[in-house]
Amino acid sequence: MANKIIISHVRTPELEIQSNEDHSRGVAARAVSFAETFGMGDLGRIMGLLHDKGKEQSEWQKYIQGATGYNKDYTYIKKGPNHSYVGAVIAQKQYPQIAPLIAQPIAGHHRGLYDYCVYIEETKCDVPQDVTIDEPIPYQLPKFSKLERFDLHHTVRMLFSCLVDADSLDTEAFMNPEQARLRGGHATMPELLRMMENHLQQLKTNAPNTEVNSIRNYVQEQCIKESQGNSGFYSLTVPTGGGKTLASVLWALHHAAKNHLQRIIIAIPYTSIIVQTAATLKRIFGEDNVLEHHSNINPEEIKDKMLRERLQLATENWDYPIIVTTNVQFFESLFSNKRSDCRKLHNIAKSVVILDEVQTLPLDFYRPIVDTLNTLQRVFGASVLFTTASQPILSGRIESTNPQASFDALSSVHEIIPDSAKLHDKLRRVELQFMDGARSYDDIAEELSKHQQVLCIVNTRRDAKELYDRLPKEGICLHLSRMMCPAHVAATIEYIKTALKLQKNQPLRVVATQLIEAGVDIDFPVVFRQEAGLDSILQAAGRCNREGKSELCTTYVFSLGKEHPLPSGFMTQTNNARLNMGQQHDWFAPEAMTCYFKQLHSRVDNFDSKQMQEMLYKQECEFEEAARQFHLIDDQTTSVIINWKESMDLYEQLLSQGPSYDLMKKLAHYSVNIRKRDFDKLQSMGAVEEPFENLYAITNPSFYKADTGLIIDNQWLEETYII
């Protein structure tokens, strides 16, 4: 070869080279620092030194020099020979004891983690003759008291995360040093704690001396007191209005400082809560310390270009003090096999994880999720805080209708607020009234019409549309469902909040689906809720008399059984669980919620519906298949861009410029997800355009109404189509 230096990267146009030795040592140093967090630094070093040994192949060296123009004697080829398997083969030969942990990450550090049978095929080859095999280096095995079956796949994935992040950062430092300099430089946990204490002091100085504020102060004091425990599982059960969000972060900051934890990760089920929570935290800690990571974030809203770039870089590996993200992003990354998804995982180790509205965790995946949390705490030193007004059962034995599906959950969860505090009594603002008998849409519309300001929450988009159509359109009458695009939903919610404050002398009636049920800070004097599980009913009640301005208001629970019974499946299961609880003296008491979840669990046939145990709870892990199966939301819908406000301007940009990350993020705010049968119906009408493969739009404005959103049944067009 023309050049004896083994090349790893070539920076163009300067044709500056990074040797494979320098790159491997740089990756090893970073991987050591990441893996040391959970006691596996030596394994990180070995992975870093071995991961690119395959680049020593003469054919790979010809490829890199030809592809970059470094050596004109070599012909350009688009893709070089596979190099990742080589380090894995060496690991198997030289480190047989730890090879099950490190060889898969090495083999998959570009392509992703393999299913075991594919991995075996990939590593059947011998080490190429032109690759130097160095002497093995000494290492220490990590010291664990006991590794459970469900720990292994996460341990492999964590080591994979350490390697791919170290590889990416070292490559970035050489290839794009200006970008690399944008990373880091954030506040420490003690600094963030001082910011929080200053903020709370200002709030207390300006706050009136009310019973609610007294309770919020008590909750904060309890959080400070209980934060000094060791790393473990904690719960914060606080009724609506008790200041749960700030109190949970206050606990997390004190707990992180005491236990030397490195960041706070807040996982939330609903984007509406994420946006509110992130906005609150950014006001306290500054945008440079809070990363908001979810699909609806619009980078263009961040005017500071450098900050925007820093935040976008941070979404790659979560190297930020506070991360606010979705349950989907958090848990699906923990079960992914992809390099891009797993890169952030090592930064969950030695962190505080706050799971907000924890009662929404899907029971189909309850066992793998609970086992994952167990691993994060025991093996990787994280602390987990469960926050909600409706605490589910997370410890002890989880009993199913199928004895084989029952499992042991967490050994213990420490509740921060003692039972003796009886916060559900002190913050009581609502009573539940269950309406007798099955009702029709007309019946409920008539009941709603009797109230000047009323919110009605139903279970389906169809129910919302049917009830809205029957309401008198006097005053302000609004519909809210996911047939409206996210931008339309957000604008409508803001309009409702304003109307509640400023237009009290005219009717305000809102019919909504469950999207308004949790985390949306609105306050109606009367709420109606279609029958559902107890947790959903209490969430709806949290939108009633939220500010405690009246002594006691009512949330009415009704059935639409006369013409649209509950859909079969989980929705009916949750409602039946509530109905079979018997007569409870206090629906808001924690004991009622425990009783409800026991009833619900007894109706669940399987807490691991996709069989994660079969794929992952063994040495021969099927990483790729498990990643394909693990989706918290079984989304059988298709996203379509609709015609509302500025969406068509963005659509014209799409047609002229083609799809881009930023543009698609913006268009997501003007898209609606619809079921296959509805999508097929719209296609048959000729309403759907497909400007690019698997990218759909409905540009005809007659298919989108300003009050109810996307119309599936467009009568005028149907008649035209028939003619």
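Note that the structure is predicted; figures quoted are calculated from it, not measured.
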> Do we get K473 above Y468's six-membered ring, with its NZ or CZ under 6.0 Å from the centre and within 45° of the axis?
yes

> State whether a side-chain donor-acceptor pair under 3.5 Å links H479 with T708.
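No pair is found: no donor N or O on one side chain lies under 3.5 Å from an acceptor on the other.
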
> Can you establish whether the number of heavy atoms outside R677 located under 6.0 Å from its atom CZ is more than 12?
no

> Assign the ring pair F597 / H601 to parallel, tilted or perpendicular, where the plane angle (0 to 90°) is split at 30° and 60°.
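The arrangement is tilted - the two ring planes meet at 30° to 60°.
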
> Is there a donor in the side chain of R603 and an acceptor in the side chain of Q599, or the other way round, less than 3.5 Å apart?
yes

> Indicate whether the side chain of E357 and that of Q539 have a donor and an acceptor atom separated by less than 3.5 Å.
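Yes, a side-chain donor-acceptor pair sits under 3.5 Å.
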
> I'd like to know if the side chain of Q433 pairs up with that of T554 as donor and acceptor (distance under 3.5 Å, no hydrogens or angles considered).
no

> Check whether the side chains of S400 and S406 place a donor and an acceptor atom closer than 3.5 Å, and report yes or no.
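No.
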
> Cut-off 3.5 Å, side chains only: do N575 and T572 have a donor facing an acceptor?
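No.
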
> Closer than 3.5 angstrom, by distance alone: can the side chain of N545 be matched with the main-chain N or O of R429 as a donor-acceptor pair?
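Indeed, once roles are kept as given, a pair shorter than 3.5 Å links the two residues.
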
> Regarding D356 and K244, does a basic nitrogen lie under 4.0 Å from an acidic carboxylate oxygen?
yes

> Is the backbone N or O of A532 less than 3.5 Å from a side-chain atom of T574, with the two atoms forming a donor-acceptor pair by type?
no

> Side chains of M484 and T492: closer than 4.5 Å at any heavy-atom pair?
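The answer is yes; the side chains approach within 4.5 Å.
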
> State plainly whether the residues D523 and K497 are in salt-bridge range, i.e. N to O under 4.0 Å.
no

> Check F365 against H631 and note the closest heavy-atom contact, atom names and distance.
CE1-O, 3.2 Å

> Would you check if D463 and L467 make a side-chain contact, meaning some heavy-atom pair closer than 4.5 Å?
no

> Atom CG of residue position D408 - does it have more than 12 heavy atoms of other residues, nucleotides or ligands inside 6.0 Å?
yes

> Are R439 and E563 close enough for a salt bridge, meaning some N to O gap below 4.0 Å?
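No.
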
> Tell me, with the steps shown, if K465 and M483 meet side chain to side chain contact (heavy atoms under 4.5 Å, CB included).
CA-CA 10 Å; K465 177 75 163 53; M483 293 305 280; over 6 Å; no

> Please examine the side chains of F330 and I348, heavy atoms only from C-beta on, and report whether any two atoms are closer than 4.5 Å.
yes

> Within a strict 4.5 Å, meaning less than it, do heavy atoms of the F570 and L363 side chains meet?
yes

> Between CG of N327 and NE2 of H294, what distance do you get to the nearest 0.5 Å?
13.0 Å

> Can you confirm whether the side chains of S609 and N606 place a donor and an acceptor under 3.5 Å from each other?
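There is no such pair between these side chains.
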
> Count the heavy atoms of every other residue, nucleotide or ligand shown that sit under 6.0 Å from CG of N505, and state whether that count exceeds 12.
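Counting neighbours around CG of N505, 12 or fewer heavy atoms of other residues, nucleotides or ligands fall under 6.0 Å, so no.
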
> Return the minimal non-hydrogen interatomic distance between Q222 and P418, and the atom names on each side.
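For Q222 and P418, the tightest heavy-atom pair comes out as NE2-CD, 3.6 Å.
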
> Taking NZ in K258 as the centre, count heavy atoms belonging to other residues, nucleotides or ligands within less than 6.0 Å. Is the count above 12?
yes

> Answer yes or no: are there more than 12 heavy-atom neighbours, outside K598 itself, under 6.0 Å from its atom NZ?
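Check fails, neighbour count at 12 or below.
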
> Any salt bridge between E446 and R470, counting N to O under 4.0 Å?
no

> Can any side-chain N or O of E415 pair as donor or acceptor with the backbone N or O of T237 at less than 3.5 Å?
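Flag set: sc E415 to bb T237 pair under 3.5 Å.
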
> Working to the nearest 0.5 angstrom, can you tell me the gap between F407 CZ and I398 CD1?
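Reported value, rounded in 0.5 Å steps: 5.0 Å.
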
> Could you tell me which non-hydrogen atom of P392 sits nearest to which non-hydrogen atom of Y366, and how far apart they are?
CB-OH, 3.9 Å

> Quiz question: by atom type and distance under 3.5 Å, do the side chains of D469 and Y441 form a donor-acceptor pair?
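Result is no, nothing qualifies.
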
> Can you confirm whether the side chains of S214 and N217 place a donor and an acceptor under 3.5 Å from each other?
no

> If I take atom CD1 from residue I266 and atom CD1 from residue I323, how far apart are they, to the nearest 0.5 angstrom?
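With rounding to 0.5 Å, CD1 (I266) is 9.0 Å from CD1 (I323).
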
> Rounded at 0.5 Å granularity, tell me how far NE2 in H293 sits from CD in Q329.
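The NE2 atom of H293 sits 4.0 Å away from the CD atom of Q329.
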
> Can T460 and T513 be said to form a side chain to side chain contact (heavy atoms under 4.5 Å, CB included), step by step?
CA-CA 6 Å; T460 68; T513 58; over 6 Å; no

> Closest heavy-atom contact between A247 and Q220?
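Reported closest heavy-atom pair: CB-CG, 4.4 Å.
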
> Report yes or no: do Y704 and H488 form a side-chain donor-acceptor pair below 3.5 Å?
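There is such a pair between these side chains.
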
> Evaluate the criterion side chain to side chain contact (heavy atoms under 4.5 Å, CB included) for residue pair L560 and I444; output intermediate values, then yes/no.
CA-CA 8 Å; L560 283 171; I444 299 303; 3.9 Å; yes

> Tell me yes or no: between the side chains of Q359 and S390, is some donor less than 3.5 Å from an acceptor?
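Not at all, the side chains of Q359 and S390 share no donor-acceptor pair under 3.5 Å.
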
> Walk me through whether L246 and L203 qualify under side chain to side chain contact (heavy atoms under 4.5 Å, CB included).
CA-CA 11 Å; L246 289 185; L203 286 182; 3.9 Å; yes

> Give the C-alpha distance, both sets of side-chain angles, the deciding distance and a yes or no for ring-ring contact (aromatic ring centres under 6.0 Å, His included) between Y596 and W587.
CA-CA 10 Å; Y596 165 72; W587 292 103; 9.4 Å; no

> Can you give me the closest heavy-atom contact between I642 and C485, atom names plus distance?
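Between these two residues, the closest heavy atoms are CD1-SG, 3.8 Å.
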
> Rounded to the nearest 0.5 Å, what's the gap from CG on L538 to CZ on R529? Could you check?
10.5 Å

> So how far is it from N374 CG to L394 CG, rounded to the nearest 0.5 Å?
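Rounded to the nearest 0.5 Å, the CG-CG separation comes to 11.0 Å.
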
> Over 60° means perpendicular and under 30° means parallel, so classify the ring planes of F528 and F558, tilted if in between.
tilted

> For atom CG of L579, decide whether the heavy atoms of other residues, nucleotides or ligands shown that lie under 6.0 angstrom number more than 12.
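Counting other residues, nucleotides and ligands, CG of L579 exceeds 12 neighbours.
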
> Locate the shortest heavy-atom distance separating Q530 from N459; write the atom from each residue and the value.
OE1-N, 2.9 Å

> Are any of the side-chain nitrogens in D521 or R546 under 4.0 Å away from the carboxylate oxygens of its partner?
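Salt bridge between D521 and R546, a charged N being under 4.0 Å from a carboxylate O: yes.
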
> Hey, are the side chains of F331 and L373 touching, using non-hydrogen atoms and a 4.5 Å cut-off?
yes

